[in-house]
Amino acid sequence: MTAVLDKNMIEKALKELAIQEPEYVNDLIKQLGEELKIAKKKRLEEIVKEDFEEYGEVFKALA
């Protein structure tokens, strides 16, 4: 139950901040979007690397 209260408090604070400092919040959202994009790309690269390591011999045999 505490986690729900914490989320509600954070949501309320973020809404208040968005009203008082809209440019700051907009910049923060853009920054978070870029960081998320980078994290997703990094994870995809890790998955591909793992697949190549796991199936490397098969790929070589097919080539």
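Contact check for Glu11 versus Asn8: side-chain heavy atoms found under the 4.5 Å cut-off. A 4.5 Å side-chain heavy-atom check between Ile38 and Lys41 finds every atom pair outside the cut-off.
Of the residues listed (Glu46, Glu53, Glu45), the one engaging Lys49 in a side chain to side chain contact (heavy atoms under 4.5 Å, CB included) is Glu53, and it is the only one.
Cluster membership for Ile19 and Tyr24, using ILVMFWY side-chain heavy atoms within less than 4.5 angstrom, is not shared.
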**OP:** Applying side-chain contact (heavy atoms from CB on, under 4.5 Å), run through Leu28 and Gln31 and close with a yes or a no.
**Re:** CA-CA 5 Å; Leu28 181 60; Gln31 180 184 352; 4.2 Å; yes

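The NZ atom of Lys12 sits 12.5 Å away from the CG atom of Leu14 when rounded to the nearest 0.5 Å. The line from CG of Asp27 to CG of Leu32 is 11.0 Å long, rounded to the nearest 0.5 Å.
Residues satisfying the salt bridge (charged side-chain N to carboxylate O under 4.0 Å, His left out) test with Glu54, not counting sequence neighbours, are none.
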